[in-house]
Number of protein chains: 2
Amino acid sequence: MQNIITNAMTVYPQVARVVVAVDCIIFGFDGRQVKLLLIHRGFEPEKGRWSLMGGFVRGEEGLDIAAARVLKELTGLEGVYMKQLSTFGEPRRDPVERTVSVVYFALIDINQYAAPLSDRFRAEWFTLKKIPPLIFDHREMVTQALVRLRQDAETQPVLFELLPAKFTMPQLQSLYEGVFSRKFDKRNFSRKVLASGLIVRTKAKEKSGSRKGAFLFRLNKSRRTLRPVFEHIAN
Amino acid sequence: MQNIITNAMTVYPQVARVVVAVDCIIFGFDGRQVKLLLIHRGFEPEKGRWSLMGGFVRGEEGLDIAAARVLKELTGLEGVYMKQLSTFGEPRRDPVERTVSVVYFALIDINQYAAPLSDRFRAEWFTLKKIPPLIFDHREMVTQALVRLRQDAETQPVLFELLPAKFTMPQLQSLYEGVFSRKFDKRNFSRKVLASGLIVRTKAKEKSGSRKGAFLFRLNKSRRTLRPVFEHIAN
DNA sequence: ATGAATAATTGTCATAATGACACTTTATTT
DNA sequence: AAATAAAGTGTCATTATGACAATTATTCAT
């Protein structure tokens, strides 16, 4: 494997070169609440303060790859599907040196990923209402991610990423309520979700957390977008 | 004004530094069709081929600022509101040197901005169906921008950015049809748009392009999102 | 065994939004 | 005055929505 920049290659003259970083925002759902994963930053400046999972992009590494690597290194999480959110590049956002940061975000089912997070990593989950002060512009990143998450969730069935393969209707509703910070009527909620044809009821029941037990649902194999696609101007 | 990186400042050791660029995608509407603005690239490699408006971010310059400057330099356009789309950073996307490009996009009313584009710039408008081959990954950037534009237009009244202050109902419908690449029923279309309360009919008529003439509409002063916000899961 | 307690599940009705559909109006041109 | 071209407008059947509360299934306590 060779270095991509060899002596023979032309390079753009007179152009500033800067450090490029990635930051990862991981939202999780534990069946009750939507949470955000944070770590204690491991190096100066701001060492020890709460931070998103971030790191520098390496020479021969694409952005998506870098984000996956950084997440793995700092939390042990692997195979998490992350989407690019936005890029932050104010000249002084990082006091050490100009750093442009590409932000990724993902949704996961906390219970599914509980194991890797355990010991050697100092990552912790925070509910959205109790996010501690974060370094740099990380708080702004999270705010933007939430806006985007809600926007996406309005038009696409993305929130199912946060659930286990089988889930109950009350869990699904809590999830939506958590993400949108509001309550829904349970009769209307289930009517609407079922009408979408996206989920199917199984025969099994989940029997913890309630005396009666709740039926488990799963995603319909033939996943589609909710309603052929939402268009406020249609036909 | 000082340089932000002084000798006294610590810098991150062992970290790769790369060129950061911005590329601008400008969508326009001329009353009939949605179009894309392109220029002949002015430097090697790929000099002379069609390209988005791009340039390098300077040392002390934020990303938004850089995008506005680059657009101005290459097209003369000023005061265009651009939104960040996404960042492209595959290691070999630019064959000269690794370059991470932050992509911005905007919507404008072509007629309003006709003047600045005129002579000394070699920018040209292309209909979406006749986009020529573009350099690097610019075609992919445009594709993503269109997806995003449609997504945004489904939930927010963004398309009005593409229209002059006063516009006719048939123009508005053409715009939506152009962006979504489909036809709408004019009765249902106007019913729906009017029901949103977003636009108001004026007494004036636009009398070119039709014998009868068409009433002019304007945006309602009290702009809101179309319907309090679209939620596929609500209440 | 019985009853109390807890959370899940389910239905109605009035109103609003949607989609399919075609004729009338207005002003110009011939 | 008639033809033409595009703009403007109405109905109806179907579906989606939002507001609303009683019933069911199970466990726990007595």
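Just so we're on the same page: letters track the sequence lines, and every chain starts at 1.
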Subject >> Pairing string, 5' to 3', for DNA chain C - Watson-Crick or wobble contacts under 3.5 Å, brackets [ ] where pairs cross, | to another strand >> reply: ||||||||||||||||||||||||||||||
Subject >> ring-ring contact (aromatic ring centres under 6.0 Å, His included) against B:Trp125, all qualifying residues, sequence neighbours excluded >> reply: none
**OP:** Please state how far atom CZ in B:Phe189 lies from atom P in D:dG8, giving the value in whole angstrom units.
**Re:** 12 Å
Between protein and nucleic acid, restricted to nucleotides 10-15 of chain C and to nitrogen or oxygen atoms under 3.5 Å apart, what atom pairs and distances do you find?
| residue | atom | partner | partner atom | Å |
| --- | --- | --- | --- | --- |
| C:dT10 | OP1 | A:Arg201 | NH1 | 3.3 |

Original post:
Starting at CG of B:Leu216 and ending at C1' of D:dG8, how long is that distance when rounded to a whole Å?
Top reply: 15 Å
**OP:** Kindly write out the residues that satisfy side chain to side chain donor-acceptor pair (under 3.5 Å) with B:Arg150, not counting sequence neighbours, or none if the list is empty.
**Re:** B:Ser181
Original post:
Whole-Å distance between D:dA6 P and B:Gln173 CD?
Top reply: 14 Å
Original post:
Taking A:Gln33 as the fixed residue, which of A:Thr127, A:Ile110, A:Leu128 is the one that meets the side-chain contact (heavy atoms from CB on, under 4.5 Å) rule?
Top reply: A:Thr127
Hey, what are the protein-to-nucleotides 25-30 of chain C N/O distances that come in under 3.5 Å?
| residue | atom | partner | partner atom | Å |
| --- | --- | --- | --- | --- |
| C:dT25 | O2 | B:Lys212 | NZ | 2.9 |

Original post:
How close or far is atom C1' of C:dA8 from atom CZ of A:Phe184, stated in whole angstroms?
Top reply: 19 Å
**OP:** If a pair satisfies salt bridge (charged side-chain N to carboxylate O under 4.0 Å, His left out) and one of its residues is in residues 25-38 of chain B, list it, with sequence neighbours excluded.
**Re:** B:Asp30-B:Lys35
Original post:
Listed by chain and number, what are the side chain to side chain donor-acceptor pair (under 3.5 Å) partners of A:Arg139, not counting sequence neighbours?
Top reply: none
Original post:
Could you give all pairs that pass the salt bridge (charged side-chain N to carboxylate O under 4.0 Å, His left out) test and reach residues 66-77 of chain A, with sequence neighbours left out?
Top reply: A:Arg58-A:Glu73, A:Glu61-A:Arg69, A:Arg69-A:Glu73, A:Lys72-A:Glu78
Original post:
Rounded to the nearest Å, what distance is computed from the CD atom of residue A:Gln171 to the C1' atom of nucleotide C:dA7?
Top reply: 13 Å
**OP:** Quick one: list whatever passes salt bridge (Lys or Arg N to Asp or Glu O under 4.0 Å) with A:Glu206, sequence neighbours left out.
**Re:** none
**OP:** Taking only Lys NZ, Arg NE, NH1 and NH2, and the carboxylate oxygens of Asp or Glu, determine whether A:Glu46 and A:Arg41 approach each other closer than 4.0 Å.
**Re:** no
Original post:
Can you name the side chain to side chain donor-acceptor pair (under 3.5 Å) partners of A:Arg148, sequence neighbours left out?
Top reply: none
**OP:** Can you sort out the partners of B:Phe215 under ring-ring contact (aromatic ring centres under 6.0 Å, His included), two or more places apart, ordered by chain and number?
**Re:** none
Subject >> Partner set under side chain to side chain donor-acceptor pair (under 3.5 Å) for B:Asp137, not counting sequence neighbours >> reply: B:Arg93
